[in-house]
Amino acid sequence: MNFDISEEQQLLQQSVERFVNENYDLATRRKLVDSPQGYSDDNWSQMAELGWLALPFDESDGGFGGNQIDTMIVMEQFGRGLVVEPYFANIVLGGGILKRSSNDELKTSLLPGIITGDVRLTLAHAEEQSRFDLDDVVTTAREDGDHYVLNGKKSMVPNAATATHVIVSARTGGGQRDKDGIALLLIDSGDLDGNHFPTVDGGRASELSLDNVRVPAERIIGDFNLLATAAHDAVLALSAEALGCMEVLYKSTVDYTQEREQFDHPLSDFQVVQHRMVDMFMEYEQCKSLLYRATLEAVQDAPTAARTSHALKHLIGKSASFIGENAVQLHGGMGMTEELAIGHYFKRLLVIESQFGNTDYHLTQFAD
Amino acid sequence: MNFDISEEQQLLQQSVERFVNENYDLATRRKLVDSPQGYSDDNWSQMAELGWLALPFDESDGGFGGNQIDTMIVMEQFGRGLVVEPYFANIVLGGGILKRSSNDELKTSLLPGIITGDVRLTLAHAEEQSRFDLDDVVTTAREDGDHYVLNGKKSMVPNAATATHVIVSARTGGGQRDKDGIALLLIDSGDLDGNHFPTVDGGRASELSLDNVRVPAERIIGDFNLLATAAHDAVLALSAEALGCMEVLYKSTVDYTQEREQFDHPLSDFQVVQHRMVDMFMEYEQCKSLLYRATLEAVQDAPTAARTSHALKHLIGKSASFIGENAVQLHGGMGMTEELAIGHYFKRLLVIESQFGNTDYHLTQFAD
Amino acid sequence: MEIDLSPEDFEFRQEVRDFLKENTAKPGADYSQWRLDYFKKAAAKGGWDVPKWPVEFGGPGWSPTQHYIWEQETVTASLPWDMPFGIGMLAPILMNYGSKEQIDRFLPDIRERSVNWCQGYSEPGAGSDLASLKTKAVLSDDGTHYTVTGTKVWTTMAHMADWMFCLTRTDDTGIKQEGITFLLIPMKQDGIEVTPIITLGGAHSVNMVHITDVKVPVENRIGEEGKGWTYAKGLLQHERTGLAGISRSIVALENLKRQAQSVSRGNRTLMDDPAFKSKVAELEIDLLAVEFTELRSLAAAASGDDPGPESSILKLKGTEIQQRIQKLTVEAGGIYSAAWGVPVGHKFARSGMQGYLGGRANTIYGGASEVQKDVIAKNVLGLKRS
Amino acid sequence: MEIDLSPEDFEFRQEVRDFLKENTAKPGADYSQWRLDYFKKAAAKGGWDVPKWPVEFGGPGWSPTQHYIWEQETVTASLPWDMPFGIGMLAPILMNYGSKEQIDRFLPDIRERSVNWCQGYSEPGAGSDLASLKTKAVLSDDGTHYTVTGTKVWTTMAHMADWMFCLTRTDDTGIKQEGITFLLIPMKQDGIEVTPIITLGGAHSVNMVHITDVKVPVENRIGEEGKGWTYAKGLLQHERTGLAGISRSIVALENLKRQAQSVSRGNRTLMDDPAFKSKVAELEIDLLAVEFTELRSLAAAASGDDPGPESSILKLKGTEIQQRIQKLTVEAGGIYSAAWGVPVGHKFARSGMQGYLGGRANTIYGGASEVQKDVIAKNVLGLKRS
C-alpha cells in the first residue's frame, strides 16, 4: 500500500506546476480566453516540447508509456491553473481512443503528429437527444462500397474549431439506443460544417453537422467499447482537473476570510464560516481519496474500475457544487465578480459537471 | 384571509392545553406508558366529559360538528403533551370513517358509545407486503350468503388491545393492488386473534389474525374511497401532533443551550449552535404554514387538498427528522437519556414517520 | 381561519386583470413612451402606479389581500421595467424624514419615473456590515454644503442614474452606527466616476462609484446630521422581506417543469426521471409552505400585529428557493448549459446558466444569509453572542 | 502509487483467516471459558491478542497493511466480546507514563482480560469540554493517599468494572488543563455508587458513578500530580480515529442492502425503489471514499509521516456514515420499525430501531462533531477564533 507517486511522476508534477505558475496568471489567461482561438499556440508547442503530448502513448509509438496516474497528475495541475489548451480533447479523448485502437495504420500515420502537436483530435459523441448516454446515437453511417456516408448532428464537441480531425460516433446498424452498431470514425475537420462558440468557462465547443460526409472504411477506429473506455478515461481526467480547481477554491477561501474583516473581525473568526470551510476541506479530501481509488483501479484494470469511476464523477459533482457555491458565498460580493479568480474556477467546475455525465447520471449508473 | 382561529376554537385549545399541563408531566406519563393498558381510563373519561370525543361528529348525531381545524387544534396540543390516550385510533380514524359512512344503522348504533368513550374503534389497514400502500390488500372477505368470511393478517394496528371494534380493510374482489374490490368491515374485537405489544414511543399496537371470521354483510362500512379519506384525515392529524412535538423540541433546545455551559460559555453562545437552532425554527415555521394550508384546503374540499396533504407529510417527516436529531445532538449526552423529555418527543416523531406513509412515500405520491 | 377571497376581492382581481390586459404593450409601440403612459394610467386608477405608498402620498390604500392579489396577477403580466430605488427605497424615507420642500421637490419625479435613482450604501470592505462605511462628508465652515469623498460599490444601475441617495460619514468618533448622514447627490457632475463591475454571468448592472470632493448643498440632506443610519435601517429590513420573490418563484418553477418536459430521455422526458422529479417536487413543497408563510405574515400585518417570527424566514427561504430553481434549470440544460452567449440546443439553456450565475448574489446582497441567521437568532430566538 | 497487497500480505491474510476459522466458538461451548481460551491462543500467535500494543510489550509489530487486513478480516468474524478500556485506553498510558511497578502490576491482567476497567473522564456539566472536570482529589498530609470525591457520568460498563482509571482535580487555581491527576481506583468498595443511565434505545451500558471520600493510595497515581491531562489527551485523539468504524460500516451497508431486498414492493423489492436505491448508493460512494481516506492515513503512518490532514476527517465522516446506515435501516423497516421489544414483521426492524437510537450517541461522545470541526478548523486549517 503506497500513495506516493514515483520520482518520475514527481518531476512531471513539478514541471506542470512550473508551467502553470509561469504562464497562467489570471490576466494572461483572460487574454487567451478572449482571443479568437481561445488558447495559445506557444503554450501548445511548449507542451509538445515538454513531452506532455506524448505522455500516454506506448514507448514503441514514440510516447512515454504513461498511465492514468500520469494523466491525473497533469490534469490536476491544469485544474489548478485553469489551463485552456486542448489537452483534454486532443490527448485524453482523441489520443486515448487512438492508442487503444486496433487500426494500426491510422495510429502509425497520426501519432507522430499528435506528439508534435500538429495533429489535433477531438471526439464528437453527444447529440441533442442523447443527453449523457453514449449509446443514444441517431447519426447514421451508411455503408456505400468501401466508404461510409454519414448524416446527422453532433453537439458540444470540445475544441473542434482548432482540431484537424474529429472522431465521430455514428450508427452503422441497430436501434437508437443499441450498443451494437455504433462505430467511431475519423473525419477530416474540413468535411464538417461547424458552429463554433465559447463555453462559459472560457473554453471552446462546436455544434457539427454531417451532411452526406463520405469516409473511407479504413477510417473506422473502433466500436462502442472503445468509446466507453474513452469515457472512463475522460471521467478520471476531468475529475483530476476538478480536484485541482477545488483545492484552489477552498484554500483561497480560507485565505480570503482571514484577510477580510466584517463586524470588526476577520470573517474567519466566525464559527459558522470556519465549519463551512471545514466541510469544504473534508469534501475536497474525500474527492481526493476517491480519485486515487478510481485511478488505481483503472490502472490495475480492476473489475470494479468502471463502477468506481461512476462513484467518482458523482462525488466530484456534488462536492464541486458545494465547494464552488460556498467559495462564492464566502467571498461575498467579490465572489460575484469576473475580477477575482474564484469565479473562473467555479465556472470551470460547472462545465465539468456537464461533461461526460452529471452527478445524477453517474449515481444512476453506479446504483444500477 | 385570516389565520386566526375562532373564539370557540380558542377555548378548545385552552382546554386541551390545560388538560395536558395538569395531567402530563413526564413522570405521570411514564407510569401510564408502563401500565399494562398503556393509558389512563380516567383521562379517557375526562376527554369524553370535555366533549372532545364528540368533536368531529355532526350535531344531529350528538357531536359538535367540528372539522379538520378542530382536530388539528386537539392533536397539536396532544403532540405537545405526548398524550397516549387512543384519540387518534378511536376518534380520528374510527370516528372519521364512521361519520362519513353511508351505513346509517351502524352509525346510529355506535356513535353514542363513541362519544361516551365506551365504544372504542381502530383501523386495521396495513399488511406485511403493503408497506404504505392502502390499496395493497391480500386479506380476503369471501361472500357467503348474507355474511362475509375474512381471512388474513393485519399489521401494526394502533390500540387494538383496548378497542371494542376493529375496522378491517379486506378484499372482496380484484387483484392484489386494485382499488376496486376493497371493503371496510366492522369486526368485534373478540373475533380476532391479537399479538399486542408496545411501540417505541410508548404507544400500543397489535398484529391481528383473521381466521375464518364471519361478519354480517350489514357490517360493511365503506369502500376504498372511505379508506383514502380516512388516510387523508390521518395525515393531517398526525402532522398536527408532530408539529406540537417539534415545537417543544426546538424550544427546549433553545432553552437548554442557554443554561448549559461548555468551554466557559453557554452553548447558545456558539454561532454554529445558534444557526442550527435558527434552522430548526425555520423548519418548524414552514411545517406550520403547510399544515395550515393542507388543513384549510381539506376543510374547503379544494381539488388540490389530497396533493397538499402528501406535501405536508413529506415536509413534516423531513423536518421532524432534522429537528429531532438536532435536539438530541445539541442536548449532548443528556439528549440520549430516557430521563429527559426530549428523547420521548423524538421517539414519537419516529413513529409518526412510520404511520400512514413515510417521507419518501408521500414525495412520490405528490410528484406523480 | 380561512383563505377564501371575499366577493370584493374577486371583483378587485377582475379589475386588475382587465387593467393589465388593456395596458399590455402593443407590438411595435415605442417602449419608453408606453412605459410613461402605463404609469400615468395606473396613477389614474387611484395610485396603482405606487401600490405600496400610503394613501396620503397618493397610494391606493389596499388591504394585504389586495396586495397579494396584485403581486400574483402582475408577476405573469409584462409590466414596464421599473426600478425599486426611487419608488420603493428613497420614497418611504423622504415621506418619513424629508422636509416639505424635499418631498415636493423629489417625490413627483420619482412617481412619474422621470428621474432614475441609485442607492449609495455599500462600500468596499464593508459587505453585510453596512454601518462600517467610510465615505466622508465634511460640512463647510459656513454650513452651506458638504464636501463628499469616498467610494461606493455594488451600486446597481449607477450608470443609468440621475441621482444617488447616499450614506456618508460625518463623524467617526462614536460608535459606527452614529455619525452617518443621509445625502442626495446628482450623478451627472464632475467628481463622480462610475466604473462597471462585470459579474459572473457577464452582466453589467452593478458599479463602483468614486466620489471625489463633490459639493452637496445642505438642503440635500435628509433629516438631521448623524441620523442617517436610523433612516436607512428600517427600510433595509423591509427590503429584505421583498427580496423573497415568492410569486416570481412560483412562475419560475412552472417554467422549469415545462423546460424539463421539453428535454427528451429515451421515450420519455426529464420530468419522468425519478431523481429530477424528486428534486422538483421537494422544491415545490417548500414553495407551497413558504407561500403560506408569506400569507401568514401578510395576515398578521392586516390585523395590525407586528409581523410574526415567520416573516424573518422569507428572505432566507425565498432566495434559497430561487437558487434551487436556477440550479435545476442548469441541470435540465445538460450539456448545453456550458455554451455561452449563443443559442445552442435547448432554448432555455443559455438564460439558465446566466440566471444561475447571477442568482448566486441573491444570498449575498441585502444581508448575506449568514447575517440573516444571526439576526433571527438575536431578534426571534432571543439569543445573544458573547 | 499502488494498493496491491504483497505476497507476504496475502500469506498473512490467509493465516488470519485460518486462525479465525479454527477459533470460532463451537456451538454449546461455555462462552466465558472459550473467550479466555481465545485470547490465550491469540497470544500464542505472537501478540494477536493485543494487535496494537508495541512489540516491547508483547504486540505483534504489524505493518499498517497488516493492521488493515486484520481489521477487514475480523469485522465479519465472531470474535469474543472485548472492551477497549483496558486494552486500548489504559494500557498505552501505562506503557508511556506508568512506573515499572505499575506496569508489572496491571498490564498482565489487562492482557488476559481477567480484570475489567472503566474510564472515569466525563462529568455532569462538562460534556465535550472534558478538562473542566471537578472531581476532587486531596492529598493527605502524610502524602500517602488521596481522598477523592465527585461524580463521573456516561461511564460505560461501570457496573461491570473492577477498576476505574480516573481524571481528578488536585489543583483548581491555574488554567483548567493543569491540576488534573490520573488515578486508578478499585470499583468494589464503599464510597463508590454506580447508578444506571437508561438511554433512548432502552439499553443500560452507561452509568453515573458517585465517588464519596474514597481513599486512593499514591502508588495508584500514574505519573506526576497535575499532569493527568497531558497523559489522557493524546489517547483521546487516537480514540477518536478509532471511532470511525469504517470496516464495520462496510459490513453494515451490505446487511442493509440484503435487508432492503427482503422488503417486497409490489413485484420488486425496496432496493428497486429509486429514492431508496439512490440513498444507499450515495452512502456507498461516501464509504468508498472514506475507506481510501483511512488507507491514505495508514500509508502516511507507515512511511513514518505524521498522519496527514485526512485522518482528522475519519471520526466525523465515519460516525456520520454509521448514522446514515442506521437511519436507512429504520426506513427499510417501515411500519414495523415502530414495534418495540418484540419481533414483528421484518426481522431486522427491531434491532434497526435500537441501533438507530443508540447510534445517535456516535456524533456526541468522543468529542461531539461540532467540537471536532472546531479542532479541524484550528489544527488543520490553522484558523483561530477570537
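So you know, we letter chains A, B, ... as the sequences are listed, proteins then strands, and number each from 1. In what follows, every heavy atom counts, from backbone to side chain, and hydrogens, waters and symmetry copies are set aside.
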Going by heavy atoms in the side chains, are [X] and [Y] under 4.5 Å from each other?
{"X": "A/Phe346", "Y": "C/Arg360", "result": "yes"}
{"X": "A/Ser321", "Y": "C/Lys327", "result": "yes"}
{"X": "C/Asp374", "Y": "A/Phe263", "result": "no"}
{"X": "A/Lys347", "Y": "C/Leu357", "result": "yes"}
{"X": "C/Trp154", "Y": "A/Thr337", "result": "yes"}

Would you mind checking which part of [X] comes under 4.5 Å of any heavy atom in chain C, side chain (CB onward), backbone (N, CA, C, O), both or neither?
{"X": "A/Phe356", "value": "neither"}
{"X": "A/Arg204", "value": "neither"}
{"X": "A/Phe270", "value": "side chain"}
{"X": "A/Val272", "value": "side chain"}
{"X": "A/Glu207", "value": "side chain"}
{"X": "A/Arg177", "value": "side chain"}
{"X": "A/Ser130", "value": "backbone"}
{"X": "A/Glu259", "value": "neither"}
{"X": "A/Asp264", "value": "both"}

Toward chain A, the part of [X] with a non-hydrogen atom under 4.5 Å:
{"X": "C/Ala203", "answer": "neither"}
{"X": "C/Glu331", "answer": "both"}
{"X": "C/Thr199", "answer": "both"}

What are the two closest non-hydrogen atoms of [X] and [Y], and how far apart are they?
{"X": "C/Ile364", "Y": "A/Gly332", "result": "CD1-O, 3.6 Å"}
{"X": "C/Val263", "Y": "A/Arg131", "result": "CG1-NH1, 3.9 Å"}
{"X": "C/Ala368", "Y": "A/Gln329", "result": "CB-NE2, 4.2 Å"}
{"X": "C/Tyr336", "Y": "A/Glu127", "result": "OH-C, 4.0 Å"}
{"X": "A/Asp360", "Y": "C/Phe276", "result": "OD2-N, 4.3 Å"}

If you count heavy-atom pairs within less than 4.5 Å of chain C, which of A/Arg276, A/Glu353, A/His344 leads?
A/Arg276

Most contact-rich option vs chain C, by heavy-atom pairs under 4.5 angstrom, among A/Lys153, A/Met334, A/Glu339, is A/Met334

Heavy-atom pair count under 4.5 Å with chain A, highest-scoring of [options]:
{"options": "C/Ile197, C/Leu270, C/Val330", "answer": "C/Leu270"}
{"options": "C/Met353, C/Lys373, C/Gln323", "answer": "C/Met353"}
{"options": "C/Gly341, C/Ala338, C/Gly358", "answer": "C/Ala338"}

Could you walk me through whether C/Ile335 and A/Ser155 pass side-chain contact (heavy atoms from CB on, under 4.5 Å), step by step?
CA-CA 8 Å; C/Ile335 55 172; A/Ser155 274; 4.0 Å; yes

